[in-house]
Amino acid sequence: MQQLSCVESCSSRLGIDLDALRANYRTLTERVAPARCGAVVKANAYGLGATRVGAALYREGCRTFFVAQLSEVAPLASAVGADAAIFILNGLDPASEGACTAAGAIPVLNSLSQVTRWRASARRLGFPLPAALQVDSGMSRLGLAVEDALALAADPACARELDLRLLMTHLACADEPGRAANGEQLAAFRRIAAHFPGVPASIANSGGVFLPPPFHADLARPGVALFGVDPGPHAVGLRPVVQLHARVLQIRTVAAGTRVGYGLDHIAPAPQRLATIALGYADGWPRSLGGAGALWHRGIRLPIVGRVSMDSLTVDISALPQGELAEGDFVECLGPSQSLADAARDARTIAYEILTRLGARHARIFVEDGNAEIVLPGRAP
Ligand SMILES: *Cc1c(COP(=O)(O)O)cnc(C)c1O
């Protein structure tokens, strides 16, 4: 992605490469064909911005979207065409039936009480309501128990009241292709799906896309892979979507023995050149990277010294040639030298967690077709 010098008034910039996002969607689509490929854009498209991400995926041909909550429907709906379906993964909150219908969203019914409430709405309105049904095939997180799903399948009134658009389940270990649990969940799901003939089936998240074709069913639901994160143990040819650069606030040279940061945890073992960077845990940079992770400049590693503060952290820049970095310059936090997976490993977390925390406080620069759109912090999705 091009470097943009036009964002003068921000202390950090999150580059979001929508061309790479679209290329990743194509890669996933080809991988699951002839099954269809939807997109999971919950949590404001993993923090990056549901409207712009949704619109780019829609332009690439995606017509099935998944969010987690009702509140995430409206921003997405405003960005995609009326022919796109938006499913709510967490289902139907109490008393949200009217709002769900008004939003034109399709709830994923996860429990019998959700099914009962949605069927009652359909009877009140006098026509069948669109729904997805999630069954629990072994993860024990969300979804109907097998016997409850079978009872619904056998109930003719249910078929009149619900317009079932999708029968789905979710894999607990899709990122570990060798786990026997994957095949066990597939078999359990297929036994139930046989009782719902004609209803499209969906099993695969990003990890599932890279499992054998039976896991692709009729519709895949990748999320994190769209954003360039490898969903399993192997690289699968996805393009990175995000880059993060943060500004140098101050540079100082300290003598051996100087103590640095909250708790004075870091004690300079020798004279060091230090740079304080405008990046802290309120920017989504994990506090667990204090004394562990690094930032980068032109391929040179700048270890984080001391604790990560709310709005800043300190790196050791002694490895850089004198004068290479000045106040106001940007250093790389995520980019060619450090992937989300690299930062996640150092922070002892997963790339998902780092990604979903990035969106709020950086200037976001969306690049697509050679154009850049800058969205300053605090602006809407
Ligand atoms: C979040 C989620 C997905 C997408 O998961 P990724 O691992 O990001 O691909 C798919 N299905 C369900 C039910 C989810 O909750």
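Just so you know, ligand 1 is whichever comes first in the structure, and atom 1 is the first atom listed for that ligand. Model, not experiment: these values are computed from the prediction.
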With a 3.5 Å cut-off and sequence neighbours excluded, list the donor-acceptor pairs that the side chains of residues 323-330 form with protein atoms.
{"from": "E324", "atom 1": "OE2", "to": "R298", "atom 2": "NH1", "distance (Å)": "2.7"}
{"from": "D329", "atom 1": "OD2", "to": "A326", "atom 2": "N", "distance (Å)": "2.8"}

Tracing side-chain links under 4.5 Å among I, L, V, M, F, W and Y, which residues wind up in one group with V254?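 V254 shares its hydrophobic cluster with V260, L274, V305.
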
So does R361 pair up with D311, basic N to acidic O under 4.0 Å?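 Looking at R361 and D311, the cut-off is met.
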
Are the charged groups of R357 and E353 less than 4.0 angstrom apart, N to O? yes

Residues that R59 engages under side chain to side chain contact (heavy atoms under 4.5 Å, CB included), provided they are two or more places apart: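 Listed in chain order: R22, A55, A56, E368.
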
Any donor-acceptor pair under 3.5 Å linking the side chain of Q185 with the backbone of A172?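 Yes; judged by distance alone, with no hydrogens or angles, the pair exists.
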
Just the distances, no angles: every ligand 1 N or O to protein N or O pair closer than 3.5 Å, one line each.
{"from": "ligand 1", "atom 1": "7 (O)", "to": "N205", "atom 2": "ND2", "distance (Å)": "3.2"}
{"from": "ligand 1", "atom 1": "7 (O)", "to": "Y352", "atom 2": "OH", "distance (Å)": "2.6"}
{"from": "ligand 1", "atom 1": "8 (O)", "to": "Y46", "atom 2": "OH", "distance (Å)": "2.5"}
{"from": "ligand 1", "atom 1": "8 (O)", "to": "V224", "atom 2": "N", "distance (Å)": "2.8"}
{"from": "ligand 1", "atom 1": "9 (O)", "to": "S206", "atom 2": "N", "distance (Å)": "2.8"}
{"from": "ligand 1", "atom 1": "9 (O)", "to": "S206", "atom 2": "OG", "distance (Å)": "2.5"}
{"from": "ligand 1", "atom 1": "9 (O)", "to": "G223", "atom 2": "N", "distance (Å)": "2.8"}
{"from": "ligand 1", "atom 1": "11 (N)", "to": "H170", "atom 2": "ND1", "distance (Å)": "3.4"}
{"from": "ligand 1", "atom 1": "11 (N)", "to": "R221", "atom 2": "NE", "distance (Å)": "3.0"}
{"from": "ligand 1", "atom 1": "11 (N)", "to": "R221", "atom 2": "NH2", "distance (Å)": "3.2"}
{"from": "ligand 1", "atom 1": "15 (O)", "to": "K42", "atom 2": "NZ", "distance (Å)": "2.7"}
{"from": "ligand 1", "atom 1": "15 (O)", "to": "R141", "atom 2": "NH2", "distance (Å)": "3.2"}

